[in-house]
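The structure appears right after this line, and notes come after that.
Side chains are part of it too, since the values below use all heavy atoms of this structure and drop only hydrogens, waters and symmetry mates. Computed from a predicted structure; not experimentally measured.
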Amino acid sequence: MKARGTSGGKTGGATDAAVVRALLDRQERTYAAQAGIRLRNTPAPLYQTLVLATLLSAPIKADTAVAAARALFDAGLRDPRSMAKASWQQRVDALGRGGYRRYDERTSTLLGKAAETLIDRWGADLRRLREEPDPKQALLDIPGIGPTGADIFLRDVQGVWPEFAPYVDRKALDGARRLGLPVSPEELGGLVRVRDLTRLVDGLVHAALDKPLADEVAAAARTA
């Protein structure tokens, strides 16, 4: 990891490298990991990441979205076929157990339609989406996935789909600004090893959503 001189903003002159180290030390688990997803370039974890992206893209707390994803997976809804086979009420009940009550009925419908789309278009294998002329646009064809959901999915899978790296969405850039880091995806990508890029971007999202975390990171970086 290389340092890039000093960074401005709220880090009070700490080096970019010190800020990144402090962030990664405090945010070891991504949202996907918290949801129990072991991300690999295989159909089931890719699908689970898409489900999480759908849940996170709603105007609801991230912790609630993660809990709802875990509840769906615990109910056995870990791939498109099991999601499509489940009844609407079974999906609603699982979302409710995760605390996702405000949007549970609409989301249950969208998850069912999305699963059917994945089965019909890509044989339930999201790896085939990479073969589309415009994969991001193809993501937007999936019910429940809008621009925000597509961003969340691509920032999470860039570690196994390296053609999208460095993928730094607007929310992650908000976190970078809060921490006084560069706001260029290429510059941010240069601050970490390739294997740590997804964790960095996820950590920046946490910093954007959690000011106390960002303040703690900035304080630790100044004393590093």
Which donor-acceptor pairs under 3.5 Å do side chains of residues 79-86 form with protein atoms, sequence neighbours excluded?
{"from": "Asp79", "atom 1": "OD1", "to": "Arg81", "atom 2": "N", "distance (Å)": "3.0"}
{"from": "Asp79", "atom 1": "OD1", "to": "Ser82", "atom 2": "N", "distance (Å)": "2.9"}
{"from": "Asp79", "atom 1": "OD1", "to": "Ser82", "atom 2": "OG", "distance (Å)": "3.4"}
{"from": "Ser82", "atom 1": "OG", "to": "Gly76", "atom 2": "O", "distance (Å)": "3.3"}
{"from": "Ser82", "atom 1": "OG", "to": "Arg78", "atom 2": "N", "distance (Å)": "3.2"}
{"from": "Ser82", "atom 1": "OG", "to": "Asp79", "atom 2": "N", "distance (Å)": "3.3"}
{"from": "Ser82", "atom 1": "OG", "to": "Asp79", "atom 2": "O", "distance (Å)": "3.0"}

Enter the distance from Asp16:CG to Leu188:CG here, rounded to the nearest 0.5 Å.
8.5 Å
Linked, directly or transitively: Val92 and Leu110 (ILVMFWY side chains, under 4.5 Å)
no
Could you tell me whether the side chain of Arg130 reaches within less than 4.5 Å of the side chain of Asn41, counting heavy atoms only?
yes
Which atom of Leu72 lies closest to which atom of Ala94, heavy atoms considered
CD2-CB, 3.7 Å
For the residue pair Tyr100 and Lys61, confirm or rule out a side-chain donor-acceptor distance under 3.5 Å.
no
Could you pull out the closest heavy-atom pair between Leu140 and Ala150, with the gap in Å?
CD2-CB, 4.0 Å
Side-chain contact test, heavy atoms from C-beta onward, threshold under 4.5 Å: evaluate it for Gln158 versus Val201 and give yes or no.
yes
Starting from Val183, can I reach Val192 by hopping between I/L/V/M/F/W/Y residues whose side chains sit under 4.5 Å apart?
yes
Report the relative orientation of the aromatic rings in His206 and Tyr31; use parallel for angles under 30°, tilted for 30 to 60°, perpendicular for over 60°.
parallel
Using a strict cut-off of less than 4.0 Å between a Lys/Arg side-chain nitrogen and an Asp/Glu carboxylate oxygen, indicate whether Arg193 and Asp196 qualify as a salt bridge.
yes
Shared hydrophobic cluster for Ile152 and Leu173 (ILVMFWY, side-chain gaps under 4.5 Å):
no
Treating Gln27 as the side-chain partner and Leu24 as the backbone partner, does any N or O pair qualify as donor plus acceptor under 3.5 Å?
no
Checking Val157, Asp156, Leu118 against Leu46 for side-chain contact (heavy atoms from CB on, under 4.5 Å), the one that qualifies is Val157
Which heavy-atom pair separates Ala214 from Ala207 by the least distance, and what is that distance?
CB-O, 3.8 Å
For Gly175 and Ala208 the tightest heavy-atom approach is N-CB, 3.5 Å
Check the side chains of Tyr167 and Asp151 for a donor-acceptor pair under 3.5 angstrom, ignoring hydrogens and angles.
yes
Inspect the contact between Glu28 and Arg199 and indicate whether a charged nitrogen and a carboxylate oxygen are less than 4.0 angstrom apart.
no
Charged N to carboxylate O under 4.0 angstrom, Asp169 versus Lys171?
no
Would Val51 and Phe73 count as a side-chain contact (heavy atoms from CB on, under 4.5 Å) here? Give the steps.
CA-CA 10 Å; Val51 169; Phe73 305 151; 4.2 Å; yes
CG on Asp210 to CD on Glu216, rounded to 0.5 Å
9.0 Å
Out of curiosity, Leu209 CG to Asp174 CG, how far, rounded to the nearest 0.5 Å?
8.5 Å
Between Leu181 and Leu204, is there a side-chain heavy-atom distance shorter than 4.5 Å?
yes
Carboxylate-amine/guanidinium contact Arg101 Asp104, below 4.0 Å
no
Is there a path of hydrophobic side-chain contacts, each under 4.5 Å between heavy atoms of I, L, V, M, F, W or Y residues, that connects Leu39 with Leu52?
yes
State the CG-CG distance between Leu23 and Leu200, to the nearest 0.5 angstrom.
6.5 Å
Does the side chain of Arg155 reach to within under 4.5 Å of the side chain of Val205, using non-hydrogen atoms?
yes
Do Leu154 and Val160 share a hydrophobic cluster (ILVMFWY, side-chain heavy atoms under 4.5 Å, transitive)?
yes
Heavy-atom nearest pair, Ala22 first then Ala221, reads CB-N, 4.2 Å
Looking only at non-hydrogen atoms, find the nearest pair between Ala69 and Leu55 and report the distance.
N-CD1, 3.5 Å
Answer yes if the side chains of Glu105 and Trp88 hold a donor-acceptor pair under 3.5 Å, and no otherwise.
no
Inspect the contact between Asp215 and Lys211 and indicate whether a charged nitrogen and a carboxylate oxygen are less than 4.0 angstrom apart.
yes
Are Ser87 and Gln89 linked by a side-chain donor-acceptor pair shorter than 3.5 Å?
no
Please evaluate residues Ile142 and Trp122 with respect to the criterion side-chain contact (heavy atoms from CB on, under 4.5 Å), reporting the C-alpha separation (whole Å), side-chain torsions for both, the decisive distance (0.1 Å), and the verdict.
CA-CA 11 Å; Ile142 300 172; Trp122 296 297; 3.9 Å; yes
Roughly how far, to the nearest 0.5 Å, is the CZ atom of Arg21 from the CG atom of Leu191?
10.5 Å
To the closest 0.5 Å, what do you measure between CZ (Arg40) and OG1 (Thr49)?
10.5 Å
Within a reach of under 6.0 Å around CZ of Arg127, are more than 12 heavy atoms found that belong to other residues, nucleotides or ligands?
yes
Derivation of the ring pair (Phe, Tyr, Trp, His ring centres under 6.0 Å) call for Trp161 and Phe153:
CA-CA 11 Å; Trp161 289 5; Phe153 178 78; 5.7 Å; yes
Answer yes or no: is there an ion pair linking Asp141 with Arg121, defined by an N-O contact shorter than 4.0 Å?
yes
Verdict with supporting geometry, Leu139 and Leu50, side-chain contact (heavy atoms from CB on, under 4.5 Å):
CA-CA 9 Å; Leu139 278 170; Leu50 186 75; 4.0 Å; yes
So, does Thr64 use its side chain to make a donor-acceptor pair with the main chain of Ile60 at under 3.5 Å?
no
